[in-house]
Enquirer: 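Got a structure for you, written out below as structure tokens; questions coming shortly.
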Amino acid sequence: MTDASAVASPPLRLDRVTRRFRLRRGAQTTALDAFSLDMAAGAFVAILGPSGCGKSTVLRLVAGLETPDEGTVSIGQDTPATLARAHRLGVAFQDHALLPWATIAANVALPYRVAGRAVDHHRISELLALVGLKGFEHARPRQLSGGMRQRAAIARALVLRPDVLLLDEPFGALDFITRQQMNIELQDIWLRQRTTTLLVTHDVPEALFLADRVVVMSGRPGRIIHDLTVPFSRPRTPPLLRSHDFHHLVDDLTEMLAQAHHGVDVPSTGASRTAGA
Amino acid sequence: MTGPVRRAMPRVLGFAVIVTLWQIAAEYGADARSLPAPSAILAMLASVNHRSLFGRAMAATLSSMLPGYGLGAALGIGSAVLVLFLPRLHRPFDRMAAFLYALPSVATAPILILTFGREATPVALAANSTFFVIHVSLCKAFGTAPRAWGDLMSVMGSGRIRRLVSVDLPAALPALVNGLRVAVPAALLSTLVGEWFGLPRGIGVLVINAMQNAQITLLWSAVTLSVAVSLTLYGGWTLVLRGISERYR
Ligand SMILES: Nc1ncnc2c1ncn2[C@@H]1O[C@H](COP(=O)(O)OP(=O)(O)O)[C@@H](O)[C@H]1O
Ligand SMILES: [Mg+2]
């Protein structure tokens, strides 16, 4: 899978974006309030934050599925909608959104059909092997575990080598070991393609292992309360997860998340996972 | 194998009990001129004299019903897709479909005869009743498809037609098949009613003639035959539905 796709990934920018949602009987909730995020071309940024703080909303804005009430979202010179129409966006949603009547191979081939391009079956089997789904080409989503479905959705997001990759808690349903393998694969793919990637996760070690920058959001309305440049060199390998520096940063970010929760107990996933690694 | 058999048992038994009671009532109790025995009906349906009569009548009825059923289904799919593309048409179209469906066919048939002619009237009535069922089933199916699939298509940069072909129609397939199944009895009944207005042959014609000539066994045989055909088509769609729903879970 040598990628000579020389198309440089674009930078990504959310500029003072406010997004409100109308609730019943005229009530309104502000999901994001003047949210700004600047991502360099080819950057990998992870967003951490308490649930309901607007992480998915950020991703949906960048995917063109929501429009800002105030502020702008731009990807290079383009709007998200322009990028989507050019089939240059890869998105893996929080719920995999696989089509139940289509086989796994057909689901992963869908972006080709939508783009009106010839289906590259070789690329599809390569990607399915990469995400550990070799032999499941003809299975239907129902026959797969939750984690396998998520991996199929990631393969679908990657298949056209998008310029911008958006991942919304894509490894949520995976067990620890598979998750670690997926993280390593994802890093490999990213190192080869340098796709501008925005990852939403609730797993602190995952964010630190994958991203150049980790952004921590406050509770709703979501604002950035911390922006960390991850100091580890690449390629990162599993021993990093056991290093003192890594543990230290995990603790810092976990503490930060706890504050974002406003004193609400934080599930100790971050700390315990790192200890177990 | 015992599973399906065991599950079918109560239904088979219930049916057998009813037929037996009917047979007893016809032989010992009721007036034979109003209630022929099931054995007499079966004997008539199987008899060499009547077989070709019933065969020709049913062939004529099906040659009106099936085109009407097909046309109604096509129009129902077309209007549901139109409403999907232009949501503003949803309400007016729903009302129109319900209005057409609610019209009593006995009253509309004379108008249809004047507009389309006698031959086309059963076809038009069958088409009308099928149209309504298909339109409503598909509109509902389009409206209840998970939003995530639409989101997925739009981030992939899908056009509306591609989305229709890749998501909306396949997602609505079980609803379509179910609609086709539900529409069978109504389409057949509408065809029979349409045949009363001066068609040369058909099960509807047979029913009317038998009634006017007090040929009660013939009447019951014709009705039994049309119920059997209706149930067979219905059962066929049930099998199709069962076959595809495996893929939709
Ligand atoms: N379509 C919507 N309608 C109403 N409220 C919404 C909608 N989408 C998101 N919200 C609200 O916006 C807030 C942020 O949601 P979301 O971005 O999904 O959070 P996260 O992904 O961080 O858990 C939540 O309070 C959620 O209830
Ligand atoms: Mg979310």
Side-chain angles (χ1 to χ4, degrees), chain A residues 56 59-67 75 78-103 106-117 138-143 149 152-153 156-160 162-168, chain B residues 73 76-77 80-81 84-88 134 137-181 236-249:
Chain A
S56 294
L59 242 66
R60 290 176 61 84
L61 282 158
V62 177
L65 293 170
E66 307 275 357
T67 43
I75 303 173
D78 298 321
T79 62
T82 313
L83 210 75
R85 272 199 297 277
H87 320 293
R88 284 156 59 201
L89 212 53
V91 184
F93 292 99
Q94 203 166 352
D95 73 333
H96 52 78
L98 296 171
L99 305 177
W101 57 84
T103 61
N107 267 289
V108 177
L110 189 60
Y112 284 109
R113 304 200 187 283
V114 168
R117 293 180 208 162
H138 303 294
R140 284 180 207 290
R142 183 172 67 87
Q143 297 164 311
R149 285 179 215 162
R156 182 180 59 191
L158 290 169
V159 75
L160 292 185
D163 291 355
V164 173
L165 185 60
L166 306 173
L167 305 169
D168 197 348
Chain B
I77 295 170
V81 169
L84 178 68
F85 281 28
L86 301 167
R88 222 188 288 181
I134 300 300
S137 315
L138 279 186
C139 282
K140 175 147 183 262
F142 289 153
T144 52
R147 236 185 76 186
W149 297 341
D151 287 350
L152 170 72
M153 293 308 279
S154 92
V155 298
M156 290 193 297
S158 172
R160 199 64 194 81
I161 300 288
R162 166 48 64 184
R163 179 175 157 184
L164 179 74
V165 170
S166 288
V167 171
D168 297 319
L169 287 179
L173 190 62
L176 175 65
V177 172
N178 189 47
L180 286 169
R181 177 170 81 142
W237 282 123
T238 303
L239 290 180
V240 174
L241 192 59
R242 226 175 265 166
I244 61 167
S245 55
E246 175 64 19
R247 289 166 143 233
Y248 280 81
R249 263 176 296 135

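If you're wondering where the values come from, they're calculated on a predicted model, not measured in any experiment. When reading the values below, keep in mind they use all heavy atoms of this one structure, side chains included, and skip hydrogens, waters and symmetry mates. Quick note on labels: first sequence line is chain A, next is B, and so on, each numbered from 1.
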Enquirer: Can you name the residues that form a side chain to side chain contact (heavy atoms under 4.5 Å, CB included) with Arg88(B), not counting sequence neighbours?
Expert: none

Enquirer: Of the non-hydrogen atoms in Gly157(B) and Val114(A), which two are nearest, and what is the gap between them?
Expert: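 Here Gly157(B) and Val114(A) meet closest at C-CG1, 3.8 Å.
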
Enquirer: Does some side-chain heavy atom of Arg156(A) sit less than 4.5 Å from a side-chain heavy atom of Leu152(B)?
Expert: yes

Enquirer: Side chain from CB out, backbone as N, CA, C, O: work out which of these in Arg60(A) comes under 4.5 Å of a heavy atom of chain B, or both, or neither.
Expert: side chain

Enquirer: If I measure from the heavy atoms of chain A, does Val167(B) come under 4.5 Å with its side chain, its backbone, both, or neither?
Expert: both

Enquirer: Quick check for you: to the nearest 0.5 Å, what is the distance between Leu99(A) atom CG and Met153(B) atom CE?
Expert: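 If I round to the nearest 0.5 Å, the distance is 7.5 Å.
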
Enquirer: Quick one: closest heavy-atom pair of Leu110(A) and Met156(B), and the distance?
Expert: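 Heavy-atom minimum between the residues: CD2-CE, 3.4 Å.
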
Enquirer: Applying a heavy-atom distance below 4.5 Å, give me the residues of residues 89-98 of chain A that approach chain B, sorted by number.
Expert: Leu89(A), Val91(A), Phe93(A), Asp95(A), Ala97(A), Leu98(A)

Enquirer: Can you measure from OG (Ser158(B)) to CZ (Arg85(A)) and round to the nearest 0.5 angstrom?
Expert: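 Reported to 0.5 Å precision, the distance equals 12.0 Å.
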
Enquirer: Mind jotting down which residue pairs meet the side-chain hydrogen bond (donor to acceptor under 3.5 Å, both in side chains) criterion with at least one end in residues 161-173 of chain B? Sequence neighbours excluded, please.
Expert: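 The answer is Arg160(B)-Asp168(B), Arg162(B)-Ser166(B).
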
Enquirer: I need the Glu246(B) CD to Arg140(A) CZ distance, nearest 0.5 Å.
Expert: 8.5 Å

Enquirer: Could you note down all residue pairs passing ring pair (Phe, Tyr, Trp, His ring centres under 6.0 Å) where residues 138-162 of chain B supplies at least one of them, sequence neighbours left out?
Expert: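 For residues 138-162 of chain B, and leaving out neighbouring residues, the ring pair (Phe, Tyr, Trp, His ring centres under 6.0 Å) pairs sorted by first residue read Trp101(A)-Trp149(B).
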
